[in-house]
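See structure below.
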Amino acid sequence: MKLVTWNVNSLKVRLPQVLQWLETNPVDVLCIQETKLTDDKFPQAEIEAAGYQVAFTGQKTYNGVAILSKHNMTDIQKNNPQFEDEQQRIIAATIEGIRVICAYVPNGQAPDSDKFQYKLKWFAALENWVREEMTRHTKLAILGDYNIAPEDRDVHDPAAWVGMNLVSPEERAALKSLIDLGLSDSFRQFEQAEKSFSWWDYRALGFRLNKGVRIDHILLSAELAKQCTSCVIDRVPRKWEQPSDHAPVIATLA
DNA sequence: ATGGCATCGCGCCGATGA
């Protein structure tokens with residue numbers, strides 16, 4: 001069983017790349033963030049033709065999330081039921097006994113901004129909801145763009161990032177608090193190359209110079225963590241023409 | 001090097017992203 005998260009930065013632009021990637025990587029579940037599409041514009045037919053069922057919730061211009069699955073999806077939940085939010089950032093479904101949560105955590109802009117406060121509030125509400133979901137589902141996975149680099153080793157140049165969002169003590173504490181519910185950062189269950197990142201700035205040769213951050217994560221409940229045999233970042237589609245600025249992260253469960 | 005780039009919107013710049 002392979003579970004993937006990928007922020008595609010506009011599914012309208014990236015649909016051909018998503019379909020191409022799925023052809024060579026016929027994974028079971030693909031969680032997508034930043035579709036940037038209203039539901040009436042969602043390319044459901046094209047995705048179903050590729051052999052995937054799909055659940056999605058979107059809005060104009062910003063945000064938007066989707067789950068593509070080779071298996072049946074039940075109990076589809078759009079957004080956090082405990083958090084009123086106009087922004088479409090969460091979709092969840094139960095797939096083969098696994099509660100799959102696809103999340104696009106707010107960016108937060110800068111630590112002194114209103115958007116940062118929204119990010120922290122949003123994230124605290126996510127934790128409260130996940131705590132509840134974990135009482136119902138021992139097999140639970142949260143995949144997404146967390147917009148948080150957990151540790152300095154997840155940042156190409158930690159000194160240059162001091163004072164920025166994505167790396168602040170508040171954000172890192174919030175992520176740690178979520179993980180402390182009993183989740184595992186699947187990427188760190190395994191030996192990984194140094195300077196492994198999942199996002200690189202389009203500007204200033206970010207990818208070529210590997211100036212990136214690791215902000216896309218797959219968190220697994222204890223039962224799933226035991227079954228996890230690998231977690232890798234696929235840098236290949238980041239090298240394609242007109243790529244997303246994020247790379248897919250793939251967890252394999254036995 | 002406070003630049004660089006990509007996407008979207010009733011576009012020709014501004015907001016947002018990370």
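The chains referred to below are lettered A, B, ... by the order of the sequence lines, with proteins before strands, and numbering in each begins at 1. Treat the numbers as computed from the prediction; the structure is a model and nothing was measured.
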Roughly how many Å is it from [atom1] in [X] to [atom2] in [N], rounded to a whole number?
| X | N | atom1 | atom2 | result |
| --- | --- | --- | --- | --- |
| Asn63(A) | dG9(B) | CG | P | 13 Å |
| Asn165(A) | dT2(B) | CG | P | 18 Å |
| Asp201(A) | dA1(B) | CG | C1' | 14 Å |
| Lys211(A) | dC5(B) | NZ | P | 13 Å |
| Trp199(A) | dC5(B) | CH2 | C1' | 10 Å |
| Lys41(A) | dT7(B) | NZ | P | 17 Å |
| Gln17(A) | dT7(B) | CD | C1' | 14 Å |
| Asp114(A) | dG17(B) | CG | C1' | 17 Å |

Expressed as a whole number of Å, how far does the [atom1] atom of [N] sit from that of [M]?
| N | M | atom1 | value |
| --- | --- | --- | --- |
| dC10(B) | dC5(B) | C1' | 25 Å |
| dA18(B) | dT7(B) | C1' | 14 Å |
| dA1(B) | dC12(B) | P | 35 Å |
| dG3(B) | dG14(B) | P | 15 Å |
| dT16(B) | dG4(B) | C1' | 16 Å |

Select base, sugar-phosphate, or nothing to describe what [X] touches, counting heavy atoms under 4.0 Å on all strands.
| X | result |
| --- | --- |
| Asp216(A) | nothing |
| Arg214(A) | nothing |
| Asp245(A) | nothing |
| Ile215(A) | sugar-phosphate |
| Tyr104(A) | sugar-phosphate |

Given [N], is OP1 or OP2 found less than 4.0 Å from the side-chain N or O atoms of [X]?
| X | N | result |
| --- | --- | --- |
| Asn107(A) | dA18(B) | yes |
| Asn7(A) | dA18(B) | yes |
| His246(A) | dG17(B) | no |
| Lys60(A) | dC10(B) | yes |
| Tyr202(A) | dT16(B) | no |
| Lys115(A) | dG17(B) | yes |
| Gln109(A) | dA15(B) | no |
| Arg203(A) | dA18(B) | no |

Check: Is it true that the NZ or CZ of Lys70(A) lies under 6.0 Å from the centre of Tyr52(A)'s six-membered ring and within 45 degrees of the ring axis?
Finding: yes
Next item on the list: Test the Arg89(A)-Tyr104(A) pair against the cation-pi criterion, namely NZ or CZ under 6.0 angstrom from the six-membered ring centroid and within 45° of the ring axis.
Entry: yes
Over all heavy atoms of both residues, which pair between [X] and [Y] is shortest? Give the atoms and the distance, please.
| X | Y | answer |
| --- | --- | --- |
| Ala55(A) | Ile76(A) | CB-CD1, 3.8 Å |
| Ser168(A) | Phe116(A) | OG-CZ, 3.3 Å |
| Ala50(A) | Leu19(A) | CB-CD2, 3.9 Å |

Item checked: Residue closer to the 5' end of DNA chain B, Met164(A) versus Val13(A) (nearest nucleotide) -> Val13(A)
Check: When the nearest nucleotide of DNA chain B is assigned to Ala204(A) and to Asn9(A) on a heavy-atom basis, which residue is associated with the more 5' position?
Finding: Ala204(A)
Notebook entry, point to check: With Trp6(A), which of Val18(A), Asp145(A), Val249(A), Leu143(A) fulfils side chain to side chain contact (heavy atoms under 4.5 Å, CB included)?
Noted result: Val18(A)
Next item on the list: Answer yes or no: does atom CZ of Arg136(A) have more than 12 heavy-atom neighbours from other residues, nucleotides or ligands under 6.0 Å?
Entry: yes
Check: Could one point to a donor on the side chain of Asn147(A) or the base of dA18(B) with an acceptor on the other under 3.5 Å away?
Finding: no
Check: What nucleotide, of dG17(B), dC8(B), dG4(B), holds the atom closest to the side chain of Ser10(A)?
Finding: dC8(B)
